[in-house]
Amino acid sequence: MNLLDNLNPEQLAAVTLPSQSALILAGAGSGKTRVLTTRIAWLIQTGQVSPAGIMAVTFTNKAAKEMLTRLSSMLPVNTRGMWIGTFHGLCNRLLRTHHRDAALPQTFQILDSQDQLSMIKRMLKALNVDDEKYPAKDLMYFINNAKDRGQRAGDVEAYDHVQKRMAELYDVYDQQCQREGVVDFAELLLRAYELLQRNHPLRQHYQMRFRHILVDEFQDTNDLQYNLLKLLAGHGEQRGGALFAVGDDDQSIYAFRGANVGNMQAFERDFEVKNLIKLEQNYRSHGNILDSANHLISNNAKRLGKNLRTDAGLGEPVRIYEASSDLEEAQWIIDEAKSLMAEGVSKSEIAVLYRSNAQSRVIEHALFAAGLPYTVYGGLRYFQRAEVKHAIAYLQLMDNPHNDSAFLRVVNFPTRGIGARSIEQLQMAAESYRVSLYAAVPYMTGKAGTALGNFVKLIESARFETQQLPLPEMVRVVLERSTLLAHYGNEKEGQERIENLQQMVGAATQFVQEEGFGTHAPAHLGPQAAAASGTAIVDGDGIDVLDADAPLATVMSPLSAFLAHASLEAGDAQAQAGQEAIQLMTVHSAKGLEFDAVFITGLEEGLFPHESSAREMDGVDEERRLMYVAITRARRRLYMSFTQQRMLHGQTRFNMKSRFFDELPEHALKWLTPRVQTNWFAGRKSTTAWDDATFREGGSDNHIAKQIAQKSTSGNGTGWRIGESVSHARFGEGVIVNIEGGAGSARAQINFGAAGMKVLDLSVAKLERIGR
DNA sequence: CGGGGCGTGGTTTTT
DNA sequence: CCACGCCCCG
């Protein structure tokens, strides 16, 4: 049976585990996705489960798609019967199917983060809440956090009056969402969780159905996601399928958005996991790279424990470069990239990684000046573009007119004489009648009433005209009727926007085909769908509607599905110019990717590890995991760099090199610049002394910049230079951040890291030069 | 209603 | 430094 060919013993063991809960600790590059997909294929091929008995959960659409693609190449099986998708995608499906039980309209719509924020702003304004004291962003964070922990407004423990008020506002927000028939991302999961918890027959149904639940990137799950999985897997209820969790605690880098690595240990304990398999054979990187990763991550406490190994040789050493400035660092990257290309490494196999997006500019500039093509990851996604969101808003109103966010977005766009004044009146009317803006329009009188009434008529007639049309046609008509195309046609720079809008017809066509709606599916639901929706299965009439071949189509209209798709899958980032380009991205977005050659840049205290990580619990550990992720992206060549001087937020900063250099194995490294010894962090677990480690030189103005330039070129007659690394008998090692006075009476300000910032008289202090 | 001017704040990101 | 939000003016 060729399915299992070429698996190593651990992979084979994982793939063929009995139907019990299992935890697979899958190191970077250990064939994690392969194990997941092969297990699904094996379970089906050996007849242990039907496709409908499989649920596989991922975090990103990309991962879900990848899984589906690989699976269909392994198995001649219709993958539609399986529930493979993101947490949010699967919850969406569940809630559409049981929308009545979940107390949602079938056409409920999903707010993206942008919509959620604007809705909260609107609410705060309407309630006359002091936005200094309760910023919309804070409240949004508060609400999402509570939901991610599974808490409703009433469950939140408020310790002070601010929290108490926020909890009240959370409640108002939820009510408003309910009125509008919209849910935010976190709500999607919380609703699904509450639905299953409340409805026993329904829960039992799904517990019996999904014999195997497989979870990817388990270390990234938040509490709510874990609880949802527990519910589905029938934890504590003696039924339900086996939970197969794949993850890597060392690659947990999303604590800041609620991910809880502790879920891995919790899972082991809660499910009494007997099958723990470690995939430690790495198929990606050469030895020196892997040694570096292993050595670094061993500095973290609280690990499940894992050491990657490779059959590949040591390969090349990890190259380390100390640049004098961010500009020079960028230049060095270009020189190295050019020589890599001369060696035959393709541009798209070269990645430049950085901790924060702000670092990309200097590198982009240098690449541009050098005429090297490059791609920056993480731009605006297709469905987030303003013009596309406008078109979507029209469609949203046609499907659910009570979506106030959509209403406000386009009620006067393109302009139709409905000003702020009219909107305000409408909002007051809606407030007093406790209805949506759309529903409040009939209460409006006078000129404003007429204009608003015409807008309503536009939406209604567009709906009426298109209800028998296939989705792509519907989109085409809406683009015309909304006059969006005409509007952008009159704009100077409108051509690109028009193209984006027209792409939506194509996106709809593709969606309809891929999701199995059939191009001629009517917008309204057929009789089969009517039977399928609601609570048919709990009536026990023997119909398992969820095994239908195209569940999405039986449960929601093409339009509703397309709108959900637009919210849940923001689409590709900006059309990347040319495939053959050097790849620029943050370390976070590099997770899951691999390249022949990788540059990890800006390895300086305060940047990487980032200064704000010191404030958070286990923050530096998370930064270290981030560094671990960065290192393990490289196949053959790995470069690391740091600078003595960097421009950030309009200020020149002098940072010490990252403590992570002290955590790498000497034998695997090659210092391209003279070695600077710093070990003031050695043996220290963490520090809160960030201000000691980072010195900001105020100097956006040229005069000061020149001074610094002069001082840092040894042209000051002291023999010392700003940015230079020195060693002191008592204070240890540090970096000169400023020099004052002339030769003979000069004093230097030196950042001794943990020992603090000192000003020393250069004629008295015994300083030793380190490195160059 | 749109644009220019001013003020502020500025990890990481997916859904 | 620079991007974004807000406010005021034409």
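All values below were derived from every heavy atom in this structure, side-chain atoms included, with hydrogens, water molecules and symmetry-related copies excluded. Fair warning: this is a prediction, and the values are worked out from it, not measured in the lab. Reminder, nothing fancy here: chain letters follow the sequence lines and each chain counts from 1.
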Could you tell me how far B:dT13 sits from C:dC4 if I compare only their P atoms? Round to whole Å.
15 Å

Quick one: do A:E194 and A:R152 make a salt bridge, cutoff under 4.0 Å?
yes

Do we count A:H588 as stacking onto B:dT12 if the rule is ring centres under 5.5 Å and planes under 30°?
no

Please determine if A:E604 and A:K657 form a salt bridge, counting it only when a charged side-chain N lies under 4.0 Å from a carboxylate O.
no

Does C:dC2 have its OP1 or OP2 closer than 4.0 Å to a side-chain nitrogen or oxygen of A:R361?
yes

Return the orientation label for the A:F660 and A:F608 ring planes: parallel under 30°, perpendicular over 60°, tilted otherwise.
perpendicular

Give a yes/no answer on whether the side chain of A:R421 brings an N or O atom under 4.0 Å of OP1 or OP2 in B:dC1.
no

B:dT12 OP1/OP2 closer than 4.0 Å to side-chain N/O of A:S612
no

Strictly below 4.0 Å: does A:S589 bring a side-chain N or O up to OP1 or OP2 of B:dT13?
yes

Taking the six-membered ring of A:Y254 as reference, does the NZ or CZ atom of A:R257 fall below 6.0 Å from its centre and within a 45° cone about the axis?
yes

Reckon A:Y254 touches a base, only the sugar-phosphate, or nothing at all at heavy-atom distances under 4.0 Å?
sugar-phosphate

Taking any heavy-atom pair under 4.0 Å as a contact, classify A:N357: base, sugar-phosphate, or nothing.
sugar-phosphate

Please list, one pair per line, the donor and acceptor atoms closer than 3.5 Å that link side chains of residues 116-123 of chain A to other protein atoms, with sequence neighbours excluded.
{"from": "A:Q116", "atom 1": "OE1", "to": "A:N144", "atom 2": "ND2", "distance (Å)": "3.3"}
{"from": "A:Q116", "atom 1": "NE2", "to": "A:N144", "atom 2": "OD1", "distance (Å)": "2.8"}
{"from": "A:Q116", "atom 1": "NE2", "to": "A:Y173", "atom 2": "OH", "distance (Å)": "3.2"}
{"from": "A:Q116", "atom 1": "NE2", "to": "A:D184", "atom 2": "OD2", "distance (Å)": "3.4"}
{"from": "A:S118", "atom 1": "OG", "to": "A:D115", "atom 2": "O", "distance (Å)": "3.0"}
{"from": "A:R122", "atom 1": "NH2", "to": "A:S405", "atom 2": "OG", "distance (Å)": "2.9"}

Could you tell me how far C:dG5 sits from B:dT12 if I compare only their C1' atoms? Round to whole Å.
23 Å

Specify the residue among A:E569 and A:E622 whose closest nucleotide of DNA chain B lies further upstream toward the 5′ end.
A:E622

Nearest-nucleotide 5' precedence on DNA chain B, A:F413 against A:S567:
A:F413

Find the distance A:D148:CG to B:dT14:P and express it as a whole number of Å.
16 Å

A:Y141 OH to B:dT15 P, in whole Å, measures 20 Å

Base, sugar-phosphate, or nothing for A:E623, non-hydrogen atoms under 4.0 angstrom?
base

Could you tell me if the ring centre of A:F599 sits under 6.0 Å from that of A:Y354?
no

Nearest whole angstrom, please: distance from the C1' of B:dT14 to the CG of A:N145.
15 Å

Rounded C1' spacing from C:dA3 to B:dT14 in Å:
23 Å

Which of residues 107-123 of chain A have a heavy atom under 4.0 Å from DNA chain B?
A:S113

With a 4.0 Å cut-off on heavy atoms, is A:F256 in touch with a base, just the backbone sugar-phosphate, or nothing at all?
base

Mind calculating the distance between NZ (A:K591) and P (B:dT11) to the nearest angstrom?
21 Å

Just to be sure I understand the rule, does A:E616 reach a base, reach only the sugar-phosphate, or reach nothing, if contact means heavy atoms closer than 4.0 Å?
base

Phosphate oxygens OP1/OP2 of B:dT14: is one of them under 4.0 Å from a side-chain N or O of A:N61?
no

Options B:dT15, C:dC1, B:dT12, nucleotide nearest the side-chain atoms of A:R355:
B:dT12

What integer distance in Å separates A:E605:CD from B:dT11:P?
18 Å

Which glycosidic conformation, syn or anti, is assigned to B:dT12 if syn requires a torsion within 90° of zero?
anti

At 4.0 Å (heavy atoms only), tell me whether A:A420 reaches a base, stays on the sugar-phosphate, or touches nothing.
sugar-phosphate

Salt bridge check, A:R624 against A:D250: does any charged N sit closer than 4.0 Å to a carboxylate O?
no

Side chain of A:R257: nearest nucleotide among B:dT12, B:dC1, B:dT14?
B:dT14

Taking NZ from A:K65 and C1' from B:dT14, how many angstroms apart are they, rounded to a whole number?
14 Å

Tell me which nucleotide among B:dT11, B:dC1, B:dT13 gets nearest to the side chain of A:S356.
B:dT11

Does a side-chain N-to-carboxylate-O contact under 4.0 Å join A:D216 and A:K32?
yes

Could you tell me how far apart A:R633 (CZ) and B:dT12 (P) are, to the nearest whole angstrom?
19 Å

Could you measure the distance from the CZ atom of A:R149 to the CG atom of A:D223? Nearest 0.5 Å is fine.
8.5 Å

Whole angstrom value for the distance that separates P of B:dG9 from CG of A:L648:
17 Å

